[in-house]
Structure formats: C-alpha cells, structure tokens
2 protein chains.
Amino acid sequence: MRTPRRAPRSDALENRARIIEAAQAAFTGDPSASLQAIAKAACVGQGTMYRHFPDREALLLAVYRDELEALVAAAPLLLHEYGPLEALRRWFERLAADGRVAGGASLAVDAATRIGRPHPPIVAALDLLLRAGKEAGQVRPDAEAEEVLSLGSCLWRTDGWSTDGTTPCPERGTRMLSVIIEGLRAEARH
Amino acid sequence: MRTPRRAPRSDALENRARIIEAAQAAFTGDPSASLQAIAKAACVGQGTMYRHFPDREALLLAVYRDELEALVAAAPLLLHEYGPLEALRRWFERLAADGRVAGGASLAVDAATRIGRPHPPIVAALDLLLRAGKEAGQVRPDAEAEEVLSLGSCLWRTDGWSTDGTTPCPERGTRMLSVIIEGLRAEARH
DNA sequence: ACCTGAACACCGTTCAAGT
DNA sequence: ACCTGAACACCGTTCAAGT
C-alpha cells in the first residue's frame, strides 16, 4: 500500500517553504503569533496554510524539525561522553536553554506535550537516557519518559522572569532541573 | 486613605453572585469555558461581567476562593500532624487531587502560576512547608516556593490520560510527585 | 452607580470559486 | 492539483446609551 505519491507541484513546494520561513520569523518574535498573521506574511491564502499544516503543532514541528532532530541525536552522544545522570542533566539543560531563546525548539516540545501527545522521537530520546540510567542502577526503575518530560516542561517557562522586573533568572531553571535529577536518583527510596 | 467605599448596590451584589454561580457550573463542565458564554448563562451583559472580574484569573480566584483558603489553611495543620516532607507530599497530593476533578481549585492555581503571577497566599502556604523542612534539615536549603509550585503544576495535567484510551492513570501523578519530593530532600548533594 | 448590548478587532476553520 | 479569499462561528474587550 506504499502510497506512491507523485512529486508535488513546484508552487506547492515554494509556498510550503515560504510559510515555514514566515513562521520561523513570527515565532521568534512572538511564540503565540497567529496562523492568520503568518499566512499573510507568507503571502498565502489561509486555505493554503491549512492544507500544508493542519494545525499549529504541525507547523511548529516543521519549523523546528532540524533542532528537534539535533536534540534527539544528542542523547546517545551525551551518553557516550558522560554518566547517565549527567547526560540526562545536560540533555534537559540543552532543551531548556533552547526554550529561553525566543522561539526555540522547546516551543514544539511544549505544545505537543501539553496536548498530551508528545513528539515520539523526543520521548524515545529521553527514554534512551532513562534506560541507560536504570541499567547502571543510578535512576529509579519506575521513571517513565513521558512523565519526566512533563515534569521538565516547566523549565522553559520564561514567564517567571521578573516579579522584580529585572533578571531573566536562569539559575531558577538550573535549580528546578537539579530537583528533578536528584528526584530521579535510584537511592534513598522511602 | 482607607477608601471608605459605600455599600454596593444590591443588584450589583446579585449579579456578582449569579456570575460566580454560572462560572462555577461552566468551569466544572469545561475548564476553558468562555467568559462570553458565562455572561449569557448568568443573564448579564458582557460589560457587567467585565466590571466585576477584569480578567479570567480574577473570576477563577472568586469561584474557588473557599477551596483556595482551605488549601492554605491545610498547610499548618499538616505540619502539626506529619513530618515536613510528608506534609509537603500530602499538601501537593491534595492540590493535585483537586485538579483531577473537573474544575478544581488547581485551575486557579495553574492559571495564576502560568501567568507568572502565582496566588500569593498559596505561595506563602508552600513556603511555610518548605521552611519547616529546611529547619528540620530535611529539605534542601535552596528550594524556593515559586519554583516548587511551578514544578508541581504539572501534576494536574489530566491530558496525559489515555494514549491507550483507557485509564485516568492517577499513579502517574503519584510518581511525579514522588520525584519532586525526593528531589527536594536535603541529602546526597552532588 | 450600575447595567446593557452593539461594536471592534481579532481568532481558527471551511469552502465555493478560480487557475 | 493547488491556491485564493470571502465567510462562518467564535473569542476578549470597550463604550455609548440607557435606568
């Protein structure tokens, strides 16, 4: 049933590319930019936007495809270089850092996770890290990737910035990440 | 400057009460019910709704005022009966359980926290628990209430329900809470 | 002093009509 | 086969006009 699919028309490809480009720019300016505004910026009818990307999440995945793939690829590399817990910490640190810049890939991770339908490759990457930690006896055996991802999704809430109106407070994220990592340790079950 | 404030007109009071009642019903049906629909259900013009509650969060706080106060009051009681960590666990458990029923008080906590402007009494209650834990040497000294609340706000995401389409999975929440509690312990700093 | 409801500026989504 | 853009059913928010 392979769905042979003839090559798409060239104008469709151009439109698709222009939409992604416009979305990229829009999201870095305002993570909650409207699809309507993006369509206009891309000089494309709303219907066209809709045909290519049935919803906001699909567009986010397309825009941050490369970053997401890089993040997935980073998991085994980190495991090769560090112990499981440190690899886990650095992986999340990277994801969170991505979220602190406007319009990072964590935008896509967050949207998908919040819908309750997290991006499978991301879950798989996290699962790889957790599995390695469990085999090394360093991570509690009952930790599940989806849950940990849900826990981690608070790390890139840049809203908590400035009750005082000043600093972006990156050490808050570091501290929260530290709580998660310590909480995942295999020791001291009570 | 005490703002002496004459007693409000009786029709204003009635409207206010009717709005809260309608919102209560609407939120338990659908947590993201529109203000417009609530105004209509309360037989009130949109302007009236707006006068009483300038935004969605104000309405949420009013609807769940009693539950929020009960939650705040529970903190010292739990501390009286249990050790700091167990009290902390039960406090969050209660907040999360509240979130699993449709339209619980955690709706208000969540909305406020997500805006980056968490409900101060709730933060104070959590701070009380953390402070007791630190004094007992059981909670890591760098834990901050706002951060922990932000971490905990993933506990009542009922979205992760059913990838398999079946169970409400309350043990997922228990497990995530356990990770947070263990991560807050004062031991094993690395 | 308070309420009403039309009006404004937006959303996401659909769909007949075009090429 | 793909695109366009008007149209639909909604939002939150405001504000002149009423009582």
Side-chain angles (χ1 to χ4, degrees), chain A residues 3-23 25-27 29-63 103 107-108 110-112 114-117 159, chain B residues 3-23 25-27 29-63 103 107-108 110-112 114-117 159:
Chain A
T3 66
R5 268 217 192 279
R6 308 166 71 272
R9 248 164 52 177
S10 69
D11 57 341
L13 280 182
E14 279 169 23
N15 278 332
R16 209 189 120 92
R18 231 177 25 258
I19 289 172
I20 289 182
E21 199 172 356
F27 287 147
D30 170 21
S32 61
S34 80
L35 302 187
Q36 206 137 145
I38 291 171
K40 184 177 291 182
C43 297
V44 151
Q46 300 102 296
T48 301
M49 163 125 242
Y50 228 72
R51 163 188 302 273
H52 286 290
F53 308 103
D55 56 23
R56 168 172 277 261
E57 194 208 334
L59 182 56
L60 281 167
L61 284 183
V63 169
L107 220 66
D110 200 22
R114 187 147 19 174
I115 307 294
R117 186 163 36 92
D159 313 344
Chain B
T3 64
R5 268 220 191 274
R6 309 168 69 273
R9 246 164 52 176
S10 70
D11 57 342
L13 280 183
E14 279 169 25
N15 278 333
R16 210 189 118 92
R18 225 170 37 251
I19 290 172
I20 290 182
E21 200 172 356
F27 286 149
D30 171 21
S32 63
S34 80
L35 301 187
Q36 208 138 145
I38 291 171
K40 183 177 293 183
C43 297
V44 152
Q46 301 100 298
T48 301
M49 162 128 242
Y50 227 72
R51 164 188 301 272
H52 288 290
F53 308 102
D55 55 22
R56 167 172 279 261
E57 193 207 335
L59 182 56
L60 281 167
L61 284 183
V63 169
L107 221 67
D110 200 22
R114 188 146 18 172
I115 309 294
R117 184 163 37 90
D159 313 344

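Atom-to-atom, CZ of Phe53(B) to P of dC3(C) comes out at 11 Å; the value is rounded to the nearest Å. In this structure, Glu14(A) atom CD and dT4(D) atom P are separated by 12 Å, rounded to whole Å. Atom CG of Leu35(B) and atom C1' of dT13(D) are 10 Å apart (whole Å). In this structure, Leu59(A) atom CG and dC11(C) atom C1' are separated by 16 Å, rounded to whole Å. Atom CE of Met49(B) is separated from atom P of dA6(C) by 18 Å (rounded to the nearest Å). Summarising the geometry, the separation between CD1 on Ile19(A) and P on dT4(D) is reported as 9 Å, rounded to the nearest angstrom. Taking atom CD of residue Glu57(A) and atom P of nucleotide dT13(C), one finds them 12 Å apart after rounding to whole Å. Rounded to whole Å, atom P of dT13(C) lies 10 Å from atom CZ of Arg56(A).
Toward the 5' end of DNA chain C, the nearer of the two residues Leu13(B) and Gln46(A), judged by each one's closest nucleotide, is Leu13(B).
Considering only the side chain of Val44(B), dT4(C) comes nearest among dC2(C), dT14(D), dT4(C). In this structure, of dC3(D), dC11(D), dT14(D), it is dC3(D) that holds the atom nearest to the side chain of Thr48(A). Across dC2(C), dC11(C), dT13(D), the shortest atom-to-atom separation from the side chain of Gln36(A) is found for dC11(C). Checking dC2(C), dT13(C), dC11(D) against the side-chain heavy atoms of Arg9(B) singles out dC2(C) as nearest. For Asp11(A), counting side-chain heavy atoms from C-beta on, the closest listed nucleotide (dT13(C), dC2(D), dC2(C)) is dC2(D).
A distance of 11.5 Å separates CD in Glu57(A) from CZ in Arg114(A), rounded to the nearest 0.5 Å. Between the CZ atom in Arg16(A) and the CE atom in Met49(A) there is a gap of 10.5 Å [rounded to 0.5 Å]. Rounding to the nearest 0.5 Å places CG of Leu107(A) at 8.0 Å from CZ of Arg56(A).
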- Task: Starting from the C-alpha separation in whole Å, work towards a yes-or-no answer on side-chain contact (heavy atoms from CB on, under 4.5 Å) for Asp110(B) and Leu60(B).
- Result: CA-CA 10 Å; Asp110(B) 200 22; Leu60(B) 281 167; over 6 Å; no
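Among the candidates Ile20(A), Thr48(A), Ile38(A), the single residue satisfying the side-chain contact (heavy atoms from CB on, under 4.5 Å) test with Phe53(A) is Ile20(A).
Here Asn15(A) does not reach the OP1 or OP2 of dC2(D): none of its side-chain N or O atoms lies under 4.0 Å away. A sub-4.0 Å separation between OP1 or OP2 of dC2(C) and a side-chain N or O of His52(B) is absent.
Taking a pair to require two hydrogen-bonding distances under 3.5 Å in either a Watson-Crick or a G-U wobble arrangement, dA1(D) pairs with dT19(C). With a 3.5 Å ceiling on both atom-pair distances, the Watson-Crick or G-U wobble partner of dG12(D) is dC8(C).
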